[in-house]
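Quick note: numbers below take in every heavy atom, side chains included, and nothing from hydrogens, waters or symmetry partners.
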Amino acid sequence: MRKTILFSLVILLSISSADAVLLSRVRFGSYPDKIRAVFDFDGAFAYEADESKEKIVLHLKKTEASPDIQSYVELNDLIVRYMEIEKNGDDLKISIPLTEPIKYNIFYLNDPPRLVLDFDRDFINIVSGGSITDGVEFLKVKKGLIAGRINANVLKIDLAKAEVRPALAKKQKPSIIESFVNLIAPWTQDKPTKHFFLDKVSNIMTDNDALAGVNGTYFASTGSPLGVLMIDQELVSSPIYDRTAFFLDEKNRPYIDNVFVACQFTAQNGTRYKINSINQGRGENDVIMYTPAWGESTQTNQQGVEIVVSRAVVTGINVANSKIPEDGYVLSLCGPGVETIADNVKIGDKINIGIKLVPYTAAPEKIIHLISGG
């Protein structure tokens with residue numbers, strides 16, 4: 001009895017190997033970290049794979065496709081858009097173009113028999129766009145993450161050959177139409193003075209004779225920087241939301257770190273006042289320092305007091321909207337500190353400003369340029 005059973009099994013296996021295997025179904029699954037393609041068969045199968053960065057070609061030996069399987073199958077995914085299934089003699093040929101140089105895994109499973117392909121979503125593809133000048137190369141970068149895809153234009157810069165510095169948009173001259181309107185209706189010019197400005201990166205590059213440029217930090221609709229900014233050691237604005245910053249030291253070495261800015265001013269009699277921010281709108285209980293980068297005047301309301309300082313000497317004490325000297329700044333106070341200014345600060349007094357930039361982990365000797373991210 002035992003021999004008969006063995007003989008019958010050998011006959012069944014021989015018949016199975018002689019007949020074509022059926023590819024009965026093609027399935028797909030989309031997951032946060034991968035795409036999965038599954039090929040279901042009605043029995044044992046054999047395959048070979050030709051693999052490259054651009055395409056995977058599967059050769060299924062002695063295999064027929066079920067009538068309901070299309071020759072062109074769409075996945076509509078950023079990684080694998082489609083696959084083609086075609087007859088090649090006794091075999092099936094499945095071509096899977098890859099849009100990115102991704103990692104993938106091919107393996108088979110039994111019970112039921114099936115072939116599985118897992119495509120990773122995590123990838124990086126860097127293509128050079130050529131040299132802009134000596135030491136500056138343009139790169140196009142695509143990076144796949146679980147959260148999605150990032151497309152980036154990148155400048156790869158040799159800081160020994162090229163200068164990197166932040167730059168702000170400049171006030172644009174009025175157009176012919178604007179000039180005409182100002183001429184016939186001068187009252188329209190009585191709008192609040194803008195302190196910062198918005199412009200295209202290409203125009204900012206032209207204004208600064210730059211060969212290349214990228215967008216910098218975040219800006220308000222008025223053009224005001226929303227975060228810390230320093231140009232040529234002049235602090236233009238203060239940090240907000242503890243955003244990370246990129247900065248260069250006196251030896252042109254780059255850093256990325258979070259930065260704390262401590263600001264204060266000391267009156268001649270030794271009284272100290274904390275400065276809450278630089279070149280930002282003044283709130284009800286703020287001490288704001290306005291520099292020439294802010295504009296011609298502070299544009300503040302009547303609810304505070306302002307100390308005008310030129311070359312470290314107090315040249316004026318006003319209620320509001322003080323003119324900002326080119327060789328100094330204005331300290332604008334609102335809140336409890338206003339009550340003590342008359343006793344502690346007088347015209348002709350010297351004012352000492354203390355501004356200290358403290359990176360969390362980096363230790364540059366002197367920061368020259370700094371711009372925040374988000």
Side-chain angles (χ1 to χ4, degrees), residues 166 168 195-196 217-218 220 222 224-243 245 247 258-360 366-372:
L168 287 168
H195 314 298
F196 294 101
T217 185
Y218 286 92
T222 58
S224 176
L226 298 179
V228 62
L229 177 65
M230 173 180 277
I231 303 176
D232 291 323
Q233 291 188 271
E234 179 187 354
L235 195 60
V236 177
S237 58
S238 301
I240 59 173
Y241 305 132
D242 195 28
R243 287 176 172 164
F247 47 99
N258 293 75
V259 179
F260 172 75
V261 179
C263 302
Q264 65 179 20
F265 76 89
T266 306
Q268 186 167 297
N269 66 3
T271 304
R272 292 183 179 181
Y273 295 84
K274 178 184 176 181
I275 299 175
N276 300 104
S277 190
I278 297 174
N279 291 334
Q280 299 289 341
R282 192 190 67 191
E284 294 181 357
N285 295 289
D286 281 340
V287 178
I288 306 296
M289 178 180 179
Y290 292 106
T291 73
W294 176 255
E296 294 182 359
S297 64
T298 60
Q299 291 294 311
T300 48
N301 56 35
Q302 302 286 327
Q303 298 174 1
V305 65
E306 297 185 333
I307 306 167
V308 182
V309 182
S310 177
R311 297 184 180 182
V313 175
V314 178
T315 58
I317 299 177
N318 307 317
V319 174
N321 196 22
S322 302
K323 184 176 180 180
I324 303 171
E326 288 294 328
D327 56 356
Y329 49 87
V330 174
L331 298 168
S332 183
L333 295 84
C334 185
V338 173
E339 301 172 0
T340 63
I341 285 298
D343 296 329
N344 296 323
V345 179
K346 297 178 176 58
I347 293 178
D349 285 356
K350 290 186 176 181
I351 295 290
N352 181 40
I353 290 287
I355 300 176
K356 191 173 184 180
L357 277 72
V358 184
Y360 284 17
K366 184 186 298 182
I367 297 175
I368 305 299
H369 301 302
L370 185 148
I371 185 167
S372 69

| Is there side-chain contact between V236 and P166, with at least one heavy-atom pair below 4.5 Å? | no
| query | Does a donor on one side chain and an acceptor on the other come within less than 3.5 Å for R282 and N301? | reply | yes
| query | Would you say S277's side chain and I288's backbone share a donor-acceptor pair under 3.5 angstrom? | reply | no
| field | Backbone of Q280 reached by a side-chain donor or acceptor of Y290 within 3.5 Å | value | yes
| Is the number of heavy atoms from other residues, nucleotides or ligands within 6.0 Å of CD (E234) greater than 12? | yes
| Got a sec, which residues hit side-chain hydrogen bond (donor to acceptor under 3.5 Å, both in side chains) with T300, two or more places apart in sequence or on another chain? | T298, E306
| query | In terms of the angle between their ring planes, are Y273 and F265 parallel, tilted or perpendicular, with boundaries placed at 30° and 60°? | reply | parallel
| message | Checking D327 now: which residues fulfil salt bridge (charged side-chain N to carboxylate O under 4.0 Å, His left out) with it, not counting sequence neighbours? | response | R311
| What closest approach, in Å, do I367 and M230 show between heavy atoms, and which atom pair accounts for it? | O-SD, 3.6 Å
| Candidate pair F247 and L357, rule side-chain contact (heavy atoms from CB on, under 4.5 Å), full reasoning | CA-CA 11 Å; F247 47 99; L357 277 72; over 6 Å; no
| task | Please say whether more than 12 non-hydrogen atoms of neighbouring residues, nucleotides or ligands are located less than 6.0 Å from OH in Y360. | result | yes
| Do you know which two heavy atoms are closest between P292 and G328, and how far apart they sit? | CD-O, 3.4 Å
| said: Could you check whether any side-chain heavy atom of V228 comes within less than 4.5 Å of a side-chain heavy atom of I278, counting everything from C-beta outward? | reply: no
| Side-chain donor/acceptor of H369 to backbone N/O of D232, under 3.5 Å | yes
| field | I351/V314 under side-chain contact (heavy atoms from CB on, under 4.5 Å): CA gap, chis, key distance, verdict | value | CA-CA 7 Å; I351 295 290; V314 178; 3.4 Å; yes
| task | Take V338 and Q303 through the side-chain contact (heavy atoms from CB on, under 4.5 Å) test and state the conclusion after the steps. | result | CA-CA 10 Å; V338 173; Q303 298 174 1; over 6 Å; no
| request: Report yes if some heavy atom in the side chain of T271 is under 4.5 Å from a heavy atom in the side chain of D343; otherwise report no. | output: no
| task | Side-chain contact test, heavy atoms from C-beta onward, threshold under 4.5 Å: evaluate it for I353 versus C263 and give yes or no. | result | no
| message | Between V261 and K356, is the side-chain contact (heavy atoms from CB on, under 4.5 Å) condition met? List the steps. | response | CA-CA 6 Å; V261 179; K356 191 173 184 180; over 6 Å; no
| field | Main-chain N/O of S372 paired with T217 side-chain donor or acceptor, under 3.5 Å | value | yes
| Between S224 and N279, a side-chain donor and acceptor under 3.5 Å | no
| Less than 4.5 Å apart, any side-chain heavy atom of K323 and any of N318? | no
| message | Tell me the closest heavy-atom pair linking K346 and I317, and the distance in Å. | response | CA-CD1, 4.2 Å
| Can you check whether T266's main-chain N or O pairs, donor with acceptor, with N352's side chain at less than 3.5 Å? | no
| message | With heavy-atom distances below 4.5 Å as the criterion, would you say the side chains of I355 and I275 are in contact? | response | no
| field | Heavy-atom closest contact (I307 atom, I341 atom, distance) | value | CD1-CD1, 3.8 Å
| said: I'd like to know whether NZ of K350 has more than 12 heavy-atom contacts from other residues, nucleotides or ligands below 6.0 angstrom. | reply: no
